[in-house]
Protein chains: 2
Amino acid sequence: MGALDEHDRAILRLLRQDARMSNAALAQAIGLSPSACLRRLRLLERRGVIRGYTVVLDEPSPREGVVVIVQITLERQTDEHLRRFEEAVRRCPEVRECYLMTGLADYLLRVEARDAADYERIHKEQLSRMPGVARIQSSFAIRAVIRGA
Amino acid sequence: MGALDEHDRAILRLLRQDARMSNAALAQAIGLSPSACLRRLRLLERRGVIRGYTVVLDEPSPREGVVVIVQITLERQTDEHLRRFEEAVRRCPEVRECYLMTGLADYLLRVEARDAADYERIHKEQLSRMPGVARIQSSFAIRAVIRGA
DNA sequence: GTTGAAAATAGCGCAGA
DNA sequence: TCTGCGCTATTTTCAAC
């Protein structure tokens, strides 16, 4: 049931590049009729393969921003709790990386903010409001020696 | 020039949640006519504020290898010690990111290895031999939710 | 920023391989 | 079951105000 065929993969590949392209253009690109293409798309959404669509914003120039390593502990570690938290974290553009970890904390995040005040906003408005969050521990990077994306 | 007003921010906030929502719905949500809303959207795209749109998938594109978050404490934090350590860490290709941190540990690294045995080799032959290293604490990532470079 | 009209698109039922 | 076709409501897009 969980198998994606060639058409499904083509849909995902194209939408990754431009999620706002019309279904008509999408259909033509993969060589299907618009209705067949749309039906596949809705099925991918309903199956949960596609969680949503988001805008890619212009990133603040990497030298200016401040990097914060955030360790987050959830109240519970059930599949449902993990799933809901991850869904929220994927929608937060300031979170550049996120790993489910072994050890004390559940998640390790790399967050990029413009400055300390901006991080305070992200902490208050985004991180602390994510579902199931029990504890947030933030460590500021003084300097990047080797920088990620 | 670079000022985003309340309407622009509303557009970005809504598109972050669902980039495929229709311009008509977007316009209604922010209280503007569809054409005014679309003009703002196109302007945000042309200005580069909006870089693009992508689909949020259930799983990040799978890549091979295991991610290990490594916290390293140095024996001393003098400039010379930091410099020599950083020089060594830059030469180690398995270290994908490295930050000088506030808090308990001095450095936080993201290391990518092929598997656990490969990480053991990196730990033994590279990390533990870096100059001035007092303590190495490794945490394995179970899964990448949002993946870095 | 708004209105309105024309073109394009989405979304749905239905029939066929 | 999945595809393609036709139809209608909705949406996009552009012009004029």
Side-chain angles (χ1 to χ4, degrees), chain A residues 1-60 79-80 83-84 86-94 114 118 121 125, chain B residues 1-62 146:
Chain A
M1 295 267 163
L4 302 181
D5 69 5
E6 205 52 54
H7 285 148
D8 291 325
R9 277 192 293 272
I11 288 174
L12 296 179
R13 180 167 41 79
L14 288 162
L15 285 181
R16 246 177 106 89
Q17 296 180 309
D18 178 14
R20 267 181 88 84
M21 76 188 294
S22 71
N23 178 62
L26 190 60
Q28 189 174 15
I30 68 172
L32 277 181
S33 71
S35 63
C37 181
L38 185 63
R39 216 154 346 97
R40 279 170 177 274
L41 182 57
R42 294 288 176 254
L43 201 60
L44 288 170
E45 291 170 347
R46 249 170 254 138
R47 280 205 285 166
V49 177
I50 292 178
R51 276 213 194 288
Y53 308 91
T54 90
V55 57
V56 180
L57 295 178
D58 183 38
E59 303 174 11
D79 280 359
E80 180 62 13
R83 195 192 60 73
R84 288 184 58 211
E86 290 176 19
E87 194 172 337
V89 95
R90 283 205 188 89
R91 287 186 189 283
C92 182
E94 289 91 351
R114 286 191 298 279
D118 188 41
R121 178 190 61 80
E125 295 180 10
Chain B
M1 314 214 187
L4 302 181
D5 69 3
E6 204 52 56
H7 285 148
D8 291 325
R9 276 193 293 272
I11 288 173
L12 296 179
R13 181 168 40 80
L14 288 162
L15 285 181
R16 192 178 301 171
Q17 295 179 310
D18 177 14
R20 266 183 88 86
M21 79 186 293
S22 73
N23 179 63
L26 190 61
Q28 188 173 13
I30 68 173
L32 280 180
S33 68
S35 61
C37 181
L38 186 64
R39 215 172 317 122
R40 279 169 176 275
L41 182 58
R42 293 289 178 251
L43 201 60
L44 288 170
E45 290 169 348
R46 246 171 260 134
R47 281 208 283 167
V49 177
I50 293 177
R51 191 169 282 221
Y53 308 91
T54 86
V55 57
V56 181
L57 295 177
D58 183 37
E59 299 276 331
S61 64
I146 300 173

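Keep in mind that this is a model prediction, so the values were computed, not measured. Letters A, B, ... mirror the listed sequences (proteins, then strands); counts begin at 1.
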Undergrad: Round to the nearest Å and state the distance from A/Leu43 atom CG to D/dC2 atom P.
TA: 8 Å

Undergrad: Let's see if you get this right: which residues in residues 8-31 of chain B place a heavy atom under 4.0 Å from DNA chain C?
TA: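 Contacting residues: none.
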
Undergrad: Can you check whether B/Leu41 reaches B/Ile50 side chain to side chain, under 4.5 Å on heavy atoms?
TA: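 In short, these two side chains touch, coming nearer than 4.5 Å.
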
Undergrad: Where do B/Ala19 and A/Val55 come nearest, in terms of heavy atoms and distance?
TA: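 It is CB-N, 4.0 Å.
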
Undergrad: Hey, what do you get for CG (B/Leu44) to CG (B/Asp8), rounding to the nearest 0.5 Å?
TA: 4.5 Å

Undergrad: Produce the list of close N/O pairs, under 3.5 Å, pairing protein atoms with atoms of nucleotides 3-7 of chain C; give distances to one decimal.
TA:
{"from": "C/dT3", "atom 1": "O4", "to": "B/Ser35", "atom 2": "OG", "distance (Å)": "3.3"}

Undergrad: Hey, is the main chain of A/Met21 close enough, under 3.5 Å, to the side chain of B/Arg20 for a donor-acceptor pair?
TA: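 Looks like yes, one N/O pair under 3.5 Å.
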
Undergrad: C/dA10 phosphate, OP1 or OP2: any side-chain N/O from A/Arg42 under 4.0 angstrom?
TA: no

Undergrad: Are side-chain heavy atoms of A/Arg83 and A/Glu86 found at a separation under 4.5 Å?
TA: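 No, every pair of side-chain atoms sits at 4.5 Å or beyond.
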
Undergrad: Any side-chain heavy-atom pair from A/Arg40 and A/Asp5 closer than 4.5 angstrom?
TA: yes

Undergrad: Five pairs at each end of the helix from C/dG1-D/dC17 to C/dA17-D/dT1: take the axis at both ends and give me the angle between them to 10°.
TA: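 Answer for the end axes of this duplex: 30°.
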
Undergrad: From D/dT3, C/dA10, C/dT2, pick the nucleotide closest to the side chain of B/Leu32?
TA: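 The nucleotide sitting nearest to the side chain is C/dT2.
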
Undergrad: Using modelled atom types only, decide if a donor and an acceptor are shared between the side chain of B/Arg16 and the backbone of A/Arg91 within a distance under 3.5 Å.
TA: no

Undergrad: CG/B/Leu43 to CG/B/Leu4 distance, rounded to the nearest 0.5 angstrom?
TA: 10.0 Å

Undergrad: If you check the A/Leu38 side chain, which of C/dA10, C/dG1, D/dT3 turns out closest?
TA: C/dA10

Undergrad: Rounded to the nearest 0.5 Å, what separation is found between the CG atom of B/Leu15 and the CG atom of B/Asn23?
TA: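 Those atoms lie 9.0 Å apart.
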
Undergrad: Rounded to the nearest 0.5 Å, how far does SG of A/Cys37 lie from CD of A/Gln28?
TA: 11.0 Å

